[in-house]
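First the structure, in the form of structure tokens, and then the observations on it.
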Amino acid sequence: SAAAQFNLSDANYSVCDKLTGESVCIAVRMTGKIEPGDSAKLEQTIEKLESAGVRNTRARVAAVFLDSSGGSVAEALTIGRFIRARQIWTQVGVNDRCASSCVLVLAGGVARFPFGTVEVHSFYSPEVLGSGDFSKAEKMYTEIAEQIAAYLKEMRVTTALLDEMMQIPHYTSRQLKFEEI
């Protein structure tokens with residue numbers, strides 16, 4: 001399966017001047033499965049877009065639009081932290097879907113606009129799923145849950161999100177209502 005793709009979405013996104021005064025504002029669109037290495041791809045994409053500028057004006061990536069079924073939890077946490085450090089907004093468009101670990105990327109935004117479908121479920125690891133090694137699986141799941149809880153606290157998101165994730169088996173998902181998001 002292909003890793004996430006990052007593409008220019010909008011070169012005149014309307015929020016930059018309200019954030020830091022740049023006159024060229026850019027939105028990036030993230031689509032596809034989140035795989036190891038995607039945070040580096042996002043960073044490279046943003047650096048390339050911002051360094052290009054237009055006629056000696058400063059450019060800024062102000063938003064990342066999300067349309068992803070999820071993937072690597074560790075990579076989603078890295079992407080979310082990068083987005084937060086760069087003070088970028090996250091948005092799920094009306095016709096888009098952010099599921100599984102994508103929800104952690106959404107949480108990284110300094111402002112979050114979840115207009116589309118947002119789905120959660122329990123995390124899992126393909127390496128231990130079905131292996132029969134319950135002690136290894138339990139240890140790994142506990143570690144991941146602790147990492148997610150710490151991340152949500154960093155992002156000022158209630159750990160009720162983690163609680164909700166843990167209630168939904170990994171082989172299904174539940175769409176969150178707008179009020180829950």
Side-chain angles (χ1 to χ4, degrees), residues 1 3-4 6 28-43 62-181:
S1 66
F6 300 96
V28 170
R29 183 170 181 76
M30 181 184 100
T31 57
K33 187 174 180 184
I34 300 168
E35 296 285 349
D38 285 343
S39 58
K41 278 197 319 192
L42 174 61
E43 187 171 350
V64 174
F65 297 155
L66 304 171
D67 188 10
S68 172
S69 61
S72 168
V73 169
E75 198 66 16
L77 296 176
T78 302
I79 291 170
R81 285 186 173 110
F82 174 77
I83 285 172
R84 178 57 61 102
R86 295 293 297 257
Q87 299 180 355
I88 295 172
W89 298 18
T90 52
Q91 180 172 329
V92 180
V94 173
N95 297 315
D96 294 330
R97 176 177 176 250
C98 181
S100 189
S101 65
C102 177
V103 175
L104 300 171
V105 176
L106 175 64
V110 292
R112 306 166 193 115
F113 300 96
F115 300 119
T117 302
V118 177
E119 297 176 15
V120 297
H121 66 79
S122 181
F123 46 87
Y124 69 97
S125 171
E127 296 84 39
V128 295
L129 190 64
S131 70
D133 190 344
F134 297 112
S135 62
K136 180 180 178 183
E138 184 62 31
K139 181 177 187 250
M140 187 192 65
Y141 292 142
T142 300
E143 290 171 1
I144 292 171
E146 290 170 355
Q147 291 170 11
I148 292 172
Y151 171 81
L152 293 174
K153 185 176 180 180
E154 276 178 61
M155 301 303 140
R156 296 186 319 261
V157 174
T158 176
T159 56
L161 175 60
L162 177 59
D163 296 339
E164 186 60 37
M165 291 168 64
M166 298 293 283
Q167 292 179 32
I168 310 299
H170 72 273
Y171 51 82
T172 187
S173 65
R174 185 174 86 74
Q175 182 176 341
L176 297 178
K177 296 175 189 161
F178 185 78
E179 301 79 34
E180 293 174 305
I181 301 168

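Just so it is clear, the structure is predicted and the values come from calculations on it, not from any experiment.
- Here the closest non-hydrogen pair linking V92 and R97 is CG1-N, 4.2 Å.
- Contact of the L152 side chain with the L104 side chain is registered, since non-hydrogen atoms from C-beta on lie closer than 4.5 Å.
- Proximity of Y171 to H121: side-chain heavy atoms (C-beta onward) are nowhere separated by under 4.5 Å.
- In this structure, CZ on F65 lies 8.0 Å from CZ on R29, to the nearest 0.5 angstrom.
- Side-chain contact between T142 and K139 is absent, with no heavy-atom pair separated by less than 4.5 Å.
- Counting only distance, with no hydrogens or angles, the side chain of S68 and the backbone of G32 share a donor-acceptor pair below 3.5 Å.
- Using a 4.5 Å heavy-atom cutoff, the side chains of V103 and V118 are in contact.
- Distance check, rounded to the nearest 0.5 Å: CZ of F178 to OG1 of T117 gives 12.5 Å.
- Of all heavy-atom pairs between R156 and R84, the closest is NH1-NH1, 3.8 Å.
- Interatomic distance, CG of L77 versus CD1 of I148, reported as 6.0 Å (0.5 Å rounding).
- Nearest heavy-atom pair across S100 and G70 is CB-CA, 4.0 Å.
- Counting heavy atoms from C-beta outward, L161 and L176 have side chains that approach closer than 4.5 Å.
- Distance check: T78 OG1 to I34 CD1 gives 10.5 Å after rounding to the nearest 0.5 Å.
- The two residues S101 and V73 have their closest heavy-atom pair at CB-CA, 4.1 Å.
- With contacts defined as side-chain heavy-atom distances shorter than 4.5 Å, the pair V64/W89 does not qualify.
- Proximity of F115 to I181: side-chain heavy atoms (C-beta onward) are nowhere separated by under 4.5 Å.
- Using a 4.0 Å cut-off between charged nitrogen and carboxylate oxygen, R86 and E43 do not count as a salt-bridge pair.
- Surrounding CG of N95 are at most 12 heavy atoms belonging to other residues, nucleotides or ligands under 6.0 Å away.
- Looking at E35, its side chain never comes within 3.5 Å of a backbone N or O of G71 through a donor-acceptor pair.
- L162 and A149 get closest at one heavy-atom pair: CD2-CB, 3.9 Å.
- Side chain of E119 to main chain of S173: no donor-acceptor pair is present (N/O by atom type, distance under 3.5 Å, no hydrogens or angles).
- M30 is not listed as a side-chain neighbour of L42, based on a closest heavy-atom distance of 4.5 Å or more.
- We find the NE2-OH distance between H170 and Y141 to be 7.0 Å, quoted to the nearest 0.5 Å.
- Closest approach of V157 to R112, counting heavy atoms only: CG2-NH2, 3.6 Å.
- Going from atom CD1 of I83 over to atom CE of M155 covers 9.5 Å, rounded to the nearest 0.5 Å.
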